[in-house]
Amino acid sequence: MSRFGGRVREYPWVSIDRFDHHNLRARAYFLSHCHKDHMRGLRAPALRRRLECSLKVNLYCSPVTKELLLTSSKYKFWENRIVALEIETPTQISLVDETSGEKEDIEVTLLPAGHCPGSVMFLFQGENGTVLYTGDFRLAKGEAARMELLHSGTRVRDIQSVYLDTTFCDPKFHHIPSREECLNGILELVRSWTMLSRYHVVWLNCKAAYGYEYLFTNLSEELGIKVHVNKLDMFKNMPEILYHVTTDRNTQIHACRHPRDDYYFRGNRLPCGVTSQNGTPLHIISIKPSTMWFGERTKKTSVIVRTGESSYRACFSFHSSYSEIKDFLSYICPVNVYPNVLPVGLREDQVIELLKPLCRSYRRNMEPKYKPLGTLKRVHKTDLSDTGKSSLRAKFCDQTFHELSEPEENTVEVLSHGSDATSASNSSGKKHSDLTSGVTGDQQEPNAHLPRWDAFFKCNRTDESSENEDNFPSSADAGGSQSLFSDSEGVSDSTHISSQNSSQSTHISEQGSQGWDSQMDTVLITSQERNAFDFSCFNKDCEEDAETVSDSSRTPDLELKKDSQSSSDFEIPLTPDAELPQPDKLRSLYRKLARSHNMKRKCS
DNA sequence: GCGATCAGTT
DNA sequence: CACAACTGATCGC
């Protein structure tokens, strides 16, 4: 349940998903989706009065949300004040103070959130930076990377703050089966039951909320059986849903509800009252969609669980899992993150601890609470932040590094709308690539005399890699690489980015999950286990080793070079010989790493 | 009497 | 296994 107060600190004149208290003074309102916990105060007399006295205050939402909202007569008074914004169409909005005439412009873009019909995230851009409010969301790994408008050119936007749906932001919710897996499980169960006879019917025990529609439409589509629901007038202008639902109780799939539907069901009666057809009693099973999750090491079980003679529970989630959240956030890599939800059993500070390592601000503001990695990292960081350019931040959050090096040109972005966005992106993209080449410029030519990684490490891809790949992907690996590699298609820049990302995520998962499982291994050991075929780990090891053993030659400049070449590391994973700085230094690093590597392998 | 809030239920 | 919403009790306006 959302506990977001309604305002983002960068743009206090807008209120999102909250309409009470201080939000009554907002200059513009935004609604991410039609769930009650995001609509507090929306039909309160106080807001109604405000609306009557003011000419310019509007509510912005997606066309579908507007439709769903206005279906309820309780919100009819909003009718002329709701502005439906098309998805993925940047729109400029003037925030005017009606008493002083004071004005501020903001650009907003709606991004699909995958939570329920009409659900969106809001991307705000203005003079106080770019802010992403996610509302509630379920996005699979890699989906952020596929959202064009989260990017500027080929790179992810420089996002100041993310206000994040953290419903399942807890390592215990590491994995939730994908929509497709869940859907297929339910589909097969429903298919096998309804096939038995026309008197075999299923009751989908869904909570009264938007979000199950894609289940209904898919079942109907696949099985040719419409779904009985209590109400469907809200879908009157959504043919793709309307076609698959019905108010005719004479169907084999029901998603109707009744206040005492459990009691009805125990009496072999559907919530709509039907108990037989043509005198023949029905055979009813109930399927209750509910969230099922799996920890990082939990063995996956079926997405369908039988809970009684005629009852089943089926996996279904409106919200992203922990690993999906990590994938999303680490891809965006904002400066700040604020949780909108407290997962059950966690305090706000605990959630922030989990998210912080995925953000840029982490390195700078790190508090001495940070334990699992020991003091070395911290010393290291202090060292480097003193020397200026945030090279460590670049390592841990590389995708935005180049953008960060210079302030993003908001003006360019804001001026261009819709189709012009491309040209805007191009211009800023060009700028960034100029910058990039500036950084990497003096080490473009490969150096033949540099020591080679494979001269020190022969193994990999044969023994260890297979064993590792068989495992269920660990949070980090899954988060970083899966999303970015499988998805592929051009964008070699993102690939580069994610290699860094996965390094970052790995790092986190050691800290987070292992800590949780009270397995306080050092990072060194864990990354050794994975070395060689995971270059993100290589970077880390290299760094740690250099740090612990001989640090003298490290300069921020050197770090920069290492980072900027990592894209080539990734293209040729086993021979990162592209252009590492200072051959002798590198040789000694490799040697140390190789030694350590062998020792560990003997030990295990 | 309405709405906000809380605890309990599904 | 939770979520989102509903129910009912209580309180204040």
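First the proteins, then the strands, lettered A, B, ... as listed; each starts at 1. Since this is a predicted model, take the numbers as computed values, not measurements.
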Exercise. Base, sugar-phosphate alone, or nothing: which one does A/His115 contact when heavy atoms must sit under 4.0 Å apart?
Worked result: sugar-phosphate

Exercise. Whole-Å distance between C/dA2 C1' and A/Leu342 CG?
Worked result: 15 Å

For this session: Evaluate whether atom CZ of A/Arg191 has more than 12 neighbouring non-hydrogen atoms of other residues, nucleotides or ligands under 6.0 angstrom away.
Result: yes

Problem set entry | Candidate nucleotides C/dC3, C/dA4, C/dC1, ranked by approach to the side chain of A/Trp293 - the nearest | C/dC1

For this session: Indicate the ring-plane relationship of A/His38 and A/His33, choosing parallel, tilted or perpendicular according to the 30° and 60° boundaries.
Result: tilted

Exercise. Between A/Lys66 and A/Tyr60, is NZ or CZ placed under 6.0 angstrom from the six-membered ring centre and within 45° of the ring axis?
Worked result: no

Exercise. Rounded to the Å, how far apart are A/His38 NE2 and C/dC3 P?
Worked result: 12 Å

Exercise. When the distance from CZ of A/Phe173 to C1' of C/dC3 is rounded to whole Å, what number comes out?
Worked result: 11 Å

For this session: Specify the separation, in whole Å, of atom CZ of A/Arg3 and atom P of C/dA4.
Result: 15 Å

Problem set entry | Footprint string (nucleotides 4-10 of chain B, 5' to 3'): B base within contact, S backbone only, - free, heavy atoms under 4.0 Å | SS----B

For this session: Step by step, work out the ring-ring contact (aromatic ring centres under 6.0 Å, His included) result for A/Tyr29 and A/Phe19.
Result: CA-CA 8 Å; A/Tyr29 293 103; A/Phe19 310 91; 5.6 Å; yes

Problem set entry | Closest listed nucleotide, where the reference is the side chain of A/Lys36 and the choices are C/dA5, C/dA2, C/dA4 | C/dA5

Exercise. Is the closest basic N to carboxylate O distance between A/Glu98 and A/Lys56 below 4.0 Å?
Worked result: no

Exercise. Out of C/dC1, C/dC3, C/dA5, which nucleotide sits closest to the side chain of A/Phe168?
Worked result: C/dC3

Exercise. Can you tell me how far C1' of C/dC3 sits from CE of A/Met292, to the nearest Å?
Worked result: 14 Å

For this session: Using whole Å, report how far CZ of A/Arg49 lies from P of B/dC2.
Result: 16 Å

Exercise. Between A/Phe318 (CZ) and C/dA5 (P), how many Å, whole number?
Worked result: 8 Å

Seminar exercise, completed: Taken to the nearest whole Å, NZ/A/Lys172 to C1'/C/dA2 is 10 Å

For this session: Examine the side chains of A/Gln252 and A/Thr194 and answer whether a donor and an acceptor come within less than 3.5 Å of each other.
Result: no

For this session: Looking at every strand, decide which applies to A/Ser317 at a 4.0 Å heavy-atom threshold: base, sugar-phosphate, or nothing.
Result: nothing

For this session: Verify the neighbour count for atom CZ of A/Phe77: are there more than 12 heavy atoms of other residues, nucleotides or ligands below 6.0 Å?
Result: yes

